[in-house]
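To keep things clear, I will list the structure first and then write my remarks on it.
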There are 2 protein chains.
Amino acid sequence: MGKERVTVIDIARAAGVSKSTVSLVLQASPLVNEATRAKVNAAIRELGYVYNRGAANLRQSNAKSKIIGIVVNDLTNSFFAELAVGVDMVVQSAGYVQFLANTGESVDRQREVIASMREHGISGLILSPARGTEAADLKSLVASGIPVVNVVRQVAGAKVSSLVSDNHAGTREAVRHLAGLGHHRIAFLGGFPDTAVFHERLQGYRDALSDMDLAVHGELVISSAPSRAGGVAAIERALLLRERPTAAVCFNDAVAFGVCDGLRAHRLDPGEDFAVIGFDDVIEAQTAVPALTTISVDPQGMGRRAAQLLLKQINAGKADAEAIVSSVRLVVRQSCGAATDKRERLSLL
Amino acid sequence: MGKERVTVIDIARAAGVSKSTVSLVLQASPLVNEATRAKVNAAIRELGYVYNRGAANLRQSNAKSKIIGIVVNDLTNSFFAELAVGVDMVVQSAGYVQFLANTGESVDRQREVIASMREHGISGLILSPARGTEAADLKSLVASGIPVVNVVRQVAGAKVSSLVSDNHAGTREAVRHLAGLGHHRIAFLGGFPDTAVFHERLQGYRDALSDMDLAVHGELVISSAPSRAGGVAAIERALLLRERPTAAVCFNDAVAFGVCDGLRAHRLDPGEDFAVIGFDDVIEAQTAVPALTTISVDPQGMGRRAAQLLLKQINAGKADAEAIVSSVRLVVRQSCGAATDKRERLSLL
DNA sequence: TGACAACTTTGGAACGTTCCAATTATCTAA
DNA sequence: TTAGATAATTGGAACGTTCCAAAGTTGTCA
């Protein structure tokens, strides 16, 4: 069983050429004669040669390996899974390969995986930072000249490119839509208050309320884990209020689904008895019942754009950090009650 | 900044020792004196040295890199995302790093990513094969002595270890449970008929019907894509039958959620008007409304076990292939109507 | 004092590739 | 014919690490 590694020298011997020629063939150099190329390729297939990128990489000290790293803070959230798929698409078609790691929101783990990736000589990194990541954590990475693109979350003070969605505009539009439908008591549900994303989305919510001359009630802002379970918990608390809200803008789609679940558990019909709007537009949003009205972020598209940005920086050698705010749009489906004519029933209940 | 790579020789010079000594320190060898070790470590920190695994790996020809590859056929399915998280856990704590790629059910893509991983010198591979993968596709990989563990799906004739769930027993138990609740017309919904998993689950369904002396109606087996959308499509077709089923065992949880959506679109209440059982027990199964009765497979646990199996083989040098069938169990929640006492209402509607 | 063991340290070769400068073979134009 | 250009090939050095055999240090005991 092929214990011995087949090297470029074995190929050279088999094809009757020098190792240098084999190397040129491997790099698809135009310098080599067609006949020789064919001979060499035949030998390669014959002997089952496997290219050793480690060795190649060692020699071309500056030109980096064809690896790009992607580190996400919660792979079980389908938003990030789709983001990773988007990244994989463009990265792969550019001949790179993806190194994916999950930090589960742990900065320690994040430090470990990034260190490990550096040892393997990644040529770039796409990072959705764990909660609590600081600029100092990325310092040595950027100092070494490895391009980094932050996605979803920014890290204050870090000199890296970033690609985040327009959180402020997103919730703002959501609230305006709900207000336009006649809702006065609109809640903001879910999310951890110690993240920048939370504050941006909350601020959009507040600003929209002011714009529409609606009062801002602190009790209507209920934070929780940004997950389905967190959504259930948040709506539970909201329904305990003396004056219940009639609509909610949720931190993300996972929370929104949880809110729908929680409503149903109370025999309330999401989309009819209570309006719900999510954020992200994950793939299940359109097939769920009721279909979720949400702020579309297109995670796959975001992954693709992040990857393109990173590749651009890798090729440019040294581009300076750019911060891209990806625009979002409201996708109106059933869960906000606007698409159906059943809202009249509301008063009957 | 820091364009020049810091090497072991720079460290040696700075610490006033030889490169060999530095190497020993890096490997935490007990041979080196405490004082020297401290000096070297100080220099490492001082100069911001990054270990070059490529070079190390080149030298220790036989001992492999600390990379394990994981290739899944559909990362957007949260089952696989969780599987990957499970793998990551044990792999990471064993000091390995994970290379993750998504094939999106394409054998071509799968061939590419596996080739790429080999070039990077993975020391093992966990593979959930794309549909249509053949033993020949894995041949050269196993010939080169790289341990491979197949998960979820087997590849007929391939000499690799595998870890699959007990599909037959799973659906069998599900059908028995439904029959025990008094259902006679039980459908089998979703899944692609050209996979081994589909047949195993279908066979369990058929065998259970026979066991319970219920007739097997071909019309009640409706295949579709194994996704939420596929589930909607399948239940649509099922509801068009002259004699409708009253319960369904679904190919997986995604299909089951789709079935619930489809039922609601027809004003039927899953868990009350129609019993639904899924397969996999993805994380949303317990928080959904109604909570999904399902066959628990524990994707994270499966990932962990697969990783452990792989590491065992890597360490053993050359273990022979073992096929593990992971047992499953029925988790009864709301969607099958057994956990609630609302079934009596059914007749009132 | 010398012999021997235990502990530390070390220079060079090797891993598989790419790059460079140099070489050979082939062709073209004067 | 020859000089020069063009095309194709090549040997050796280099990349950053680990391994090996060998060599320095100490310390102990007769």
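Excluded from the calculations below are hydrogen atoms, water molecules and symmetry mates; all remaining heavy atoms, backbone and side chain alike, are included. Chain identifiers are assigned alphabetically (A, B, ...) following the order of the sequence lines, protein sequences preceding nucleic acid strands; residue numbering begins at 1 within each chain.
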Rounded to whole Å, please give me the gap between CG in B/Asp10 and P in D/dC15.
11 Å
Per the atom types in the model, does the base of C/dG11 pair as donor or acceptor with the side chain of B/Ser20 at under 3.5 Å?
yes
d(CD, B/Glu34; P, C/dC7) in whole Å:
14 Å
Heavy-atom nearest nucleotide on DNA chain C taken for B/Leu31 and for A/Val22; more 5' hit belongs to B/Leu31
What is the distance from CZ of B/Arg13 to P of C/dT10, rounded to the nearest Å?
14 Å
Side-chain contact check for A/Gln60: nearest option of D/dT9, C/dG11, C/dT18 is C/dT18
Answer with base, sugar-phosphate or nothing: what part of the nucleic acid does B/Thr7 contact at a heavy-atom distance below 4.0 Å?
sugar-phosphate
Within this structure, what is the CG-to-C1' distance between B/Leu24 and D/dC19, rounded to whole angstrom?
10 Å
May I ask you to evaluate whether B/Gln27 reaches the phosphate of D/dC19, defined as a side-chain N or O under 4.0 Å from OP1 or OP2?
yes
Closer than 4.0 Å, any side-chain N/O of B/Thr21 to the OP1 or OP2 of C/dT10?
yes
From the candidates C/dT9, C/dG11, C/dT18, the one with an atom nearest any side-chain atom of B/Lys19 is C/dG11
Would you kindly give the CG-to-P distance between B/Leu26 and C/dT9, to the nearest whole Å?
14 Å
Winner on side-chain proximity to A/Arg59, out of D/dG16, D/dC15, C/dT10, is D/dC15
Rounded to the nearest Å, what distance is computed from the NZ atom of residue B/Lys39 to the P atom of nucleotide C/dT8?
13 Å
Tell me the interatomic distance from A/Glu119, atom CD, to D/dT17, atom C1', rounded to whole angstroms.
13 Å
Does the plane of the ring in B/His120 sit parallel, tilted or perpendicular to the ring in B/Phe99? Use 30° and 60° as the thresholds.
tilted
Cationic N near anionic O, under 4.0 Å, B/Glu322 to B/Lys159
no
Check the phosphate of C/dC19 against A/Ser23, side-chain N and O only, distance under 4.0 Å to OP1 or OP2. Yes or no?
no
Can you identify which nucleotide, out of D/dA13, D/dT10, C/dT10, has its nearest atom closest to the B/Val17 side chain?
C/dT10
What nucleotide, of D/dT9, C/dT18, C/dG12, holds the atom closest to the side chain of A/Thr36?
D/dT9
To the nearest Å, give me how far apart CG (B/Leu47) and P (D/dG16) are.
14 Å
Test your reading of the model: is there a side-chain donor-acceptor pair from B/Gln27 to the backbone of B/Ser23, 3.5 Å cut-off?
yes
Return the nearest nucleotide to the side chain of A/Ile9; candidates are C/dT9, C/dT17, D/dT9.
C/dT17
In a check of side-chain hydrogen bond (donor to acceptor under 3.5 Å, both in side chains) between A/Gln110 and each of A/Thr133, A/Asn102, A/Thr103, A/Asn73, which one passes?
A/Thr133
Out of curiosity, B/Ile283 CD1 to A/Thr76 OG1, how far, rounded to the nearest 0.5 Å?
5.5 Å
